[in-house]
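Counting starts at 1 for both ligands and their atoms, in listed order. Values in this document were obtained by computation on a predicted structure and should not be read as measured data.
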Amino acid sequence: MQKAKEILKKVFGYEGFRPLQEACIQSVLDRKDTLLIMPTGGGKSLCYQIPSLIFEGLTLVVSPLISLMTDQVRQLRALGVETAVLNSSLSEEAYEENLAAIRSGRARLLFLAPETLLKSEILELVSELKVDCFTIDEAHCISEWGHDFRPEYRQLSRVRAYFPKAVFLAMTATATPRVREDIRKNLEIAVSNQLIASFNRENLFYEVIPRANPAKQTIDFINRFPDQSGIIYCFSRRQTDELAEALQQKGYRVKPYHAGLPMETRAKNQELFIRDDVQIMVATIAFGMGIHKPNVRFVVHYDLPKNIESYYQETGRAGRDGLPANCLLLFGYGSIQNIRYLISQKTSEEEKRIATMHLNSMVRYAESHNCRRIPLITYFGQEYGESSCAMCDNCANPKVAEFDITESAQKLFTAIRQTGHRFGAAHVIDVLRGAESQKVLKFSHEKLSVYGTGKEYSGRQWNTLLGQLIQQDYLKQDHEAFGAIKMTPKCQDILNGETSVFGFFPPKEEKSKAVKKAVTAAEFDDSLFQILRRKRKELADEANLPPYVIFSDKSLIDMAARLPQNKEDFSGIFGVGAKKLESYGDIFLGIIRDHRSNLKVTAN
Ligand code: ADP
Ligand code: MG
Ligand code: ZN
């Protein structure tokens, strides 16, 4: 382990291990087959990378996507680690070069697509080599219960016979207990060798606001992060295109990404994003799996995700570098109807039931006034011990149910009753507000005594109020009856005027009260940071690499905060190991020196 710590500092430039990294590395070095469950950004890669530099033999790494492999290989090579890769995207020449690096024993790691490894000539090749570690990244692909099942992954356990001495290391960020068990069974890993990290992503700020004017709300939000990378998730392809177009017209550097775009366009847009050439990706859920961009500072959900797991994974793409990042969900009742429609298209009743249940949990999450971390973390079977996290809207701005909403509740209940308990929220609210919609006229609801009695509030406000009454158990949405809003027996006392009901309902249009500014790291010189960023981009373009492969944002911030003067100072910067010091030390030290002397001149 002493050796492992030295490598951590010398090669990767990091001061300490993150939770479970040490335990996992120890387990691998002890040659115990290990299953590592760690959320996105937790630092799984280091758990095979460090042992690979200690083992005498080769470390094989199976990865499901070429983009993931390419990303790892770039980063390792930039750290001066000899790394080989074999997959179908390589030119013949590159393929041969990689083979040579493997045969000669120079390569410490070999990245492979599963189908490449399963080829007989490759199996023959690796069986002649000394393989010390066999790593399976994104191991949930083994399980049919996971969301990315890959049949070739199922065959990986068989491959092991070709290098029986190698230790197995399987890792994933997505694993419900069922998927975990599947992986363990398939790879024959003992429960005692399973390491599960906390699913709490401490650096993410979670925030939900009522979806009123989504385009404007999104723009207000992204304006808090000028020039910072982010992802906006939309429900449909059309919505994605439209929003991307609208943002482009307003001068934002954005690209769309969805499965309806040609393969090349998708690949191109993704690459532009990774290289910081566009700021924001507007995307459907088709985007993200192959993305290892560490400096995504925000994720917006323009529409409601289908379930908590998707929400967790999608927001999880923010803040991999450990710096604060923000996640905003725009929550409107219309999105629920969109998802319900998708659910109604499913063929099996069982599937419908499960999907509805997941949707209900998601809605409860959005409507909750409690800490947002609780439902996210408990979903993965873990407990959240803290009572307040300070990093979600509800904890940062605890709300008190201080408004007497009895009268409004009575109106709403009356409207539900008079319309016969069989309409969704939108229609009930139309009736209250005296709208002349087709549906109102069709059912002659303009004749009801309750019609038009709720003009004091906007539709949006009535929706908020309705959500609160659902949360307080006065109303429920009947998912079997197309989302009809029904009353529970609790309503009777309110209608009789026997009890009052209190809510969080501010009678003005709600504005997001959550933290106005992104939480930033320690004090640093922002103008210098911008100069360093520009230099990084220039170097990256010259080397045809994404900027973060040169240095992470965190490294640049550390430079702009500590203003290193010499190489010794510089090697103390976050993420600076021997190789980065050699490659970039002088360049960045020069810039920092110039910047300091400029400051002095201006001060004089
Ligand atoms: P995962 O595969 O679990 O999503 P990665 O292995 O890609 O996460 O790591 C996420 C980021 O955290 C990377 O930028 C990585 O360099 C960084 N990182 C990993 N371990 C440490 C550490 N001990 N100290 C500082 N940064 C780390
Ligand atoms: Mg990973
Ligand atoms: Zn909280």
Side-chain angles (χ1 to χ4, degrees), residues 4-5 7-9 11-22 24-25 36-50 61-65 67-69 71-72 74-76 78-79 111 135-140 169-175 195 197 199-208 288-296 313 316-323 325 327 365 368-377 384-399 514-515 546 548-555 558 573-577 580:
K5 275 182 200 141
I7 293 173
L8 180 72
K9 176 71 194 130
V11 177
F12 295 89
Y14 299 146
E15 291 302 326
F17 285 111
R18 297 230 186 110
L20 283 194
Q21 281 182 330
E22 206 167 355
C24 186
I25 292 170
L36 176 65
I37 318 266
M38 195 184 259
T40 306
K44 290 185 283 299
S45 321
L46 222 62
C47 298
Y48 63 79
Q49 291 171 346
I50 289 187
V61 186
V62 169
S63 180
L65 290 176
S67 61
L68 291 178
M69 273 180 254
D71 193 74
Q72 292 291 326
R74 276 171 179 166
Q75 298 206 40
L76 284 163
L79 293 169
F111 286 82
T135 298
I136 302 183
D137 201 1
E138 314 289 344
H140 57 273
L169 172 59
M171 46 180 60
T172 175
T174 20
L195 297 169
F199 271 76
N200 182 15
R201 297 283 311 276
E202 283 174 8
N203 58 323
L204 300 189
F205 190 99
Y206 300 102
E207 178 180 357
V208 182
M289 164 75 173
I291 309 302
H292 260 220
K293 189 173 163 56
N295 60 338
V296 174
Q313 298 304 343
R317 294 183 181 128
R320 274 177 186 264
D321 53 14
L323 292 173
C327 310
Y365 170 88
S368 167
H369 292 286
N370 294 327
C371 177
R372 305 273 180 210
R373 290 193 147 64
I374 297 169
L376 291 181
I377 295 168
Y384 185 61
E386 310 298 317
S387 58
S388 163
C389 76
M391 280 288 282
C392 77
D393 51 357
N394 290 337
C395 291
N397 293 299
K399 292 189 201 158
V515 258
Y548 63 79
V549 172
I550 312 264
F551 280 123
S552 67
D553 282 7
K554 203 164 172 184
S555 300
D558 208 22
I573 293 294
F574 179 87
V576 176
K580 297 263 170 102

Review point. Below 4.0 angstrom, N of the basic side chain to O of the carboxylate: do Asp137 and Lys44 qualify?
Key: no
Exercise for review: Could you check Asp71 against Tyr548 for side chain to side chain contact (heavy atoms under 4.5 Å, CB included), going step by step and ending with a plain yes or no?
Suggested key: CA-CA 10 Å; Asp71 193 74; Tyr548 63 79; 2.3 Å; yes
Point to revise | Per-ligand residue contacts, ligand 1, heavy-atom threshold under 4.0 Å | key: Tyr14, Gly16, Phe17, Arg18, Gln21, Pro39, Thr40, Gly41, Gly42, Gly43, Lys44, Ser45, Leu46, His292, Arg320, Phe574
Review point. Can you check whether Cys24 reaches Leu169 side chain to side chain, under 4.5 Å on heavy atoms?
Key: yes
Check your understanding: Which residues satisfy the side chain to side chain contact (heavy atoms under 4.5 Å, CB included) test with Ser63, sequence neighbours excluded?
Key -> Leu68, Met69
Point to revise | Nearest heavy atoms of Asn200 and Tyr384, plus distance in Å | key: ND2-CE1, 3.5 Å
**Study point:** Carboxylate-amine/guanidinium proximity below 4.0 Å for Glu22 and Lys5
**Key:** yes
Exercise for review: Less than 2.8 Å from the Zn ion (ligand 3) is the window; count the protein N, O or S atoms in it.
Suggested key: 4
Point to revise | Minimum-distance pair of heavy atoms, taken over all atoms of Arg373 and Glu202 | key: NH2-O, 3.6 Å
Review point. What closest approach, in Å, do Ala4 and Ile25 show between heavy atoms, and which atom pair accounts for it?
Key: CB-CG2, 4.2 Å
**Study point:** Residues in salt bridge (Lys or Arg N to Asp or Glu O under 4.0 Å) contact with Asp553, at least two apart in sequence or another chain
**Key:** Arg536
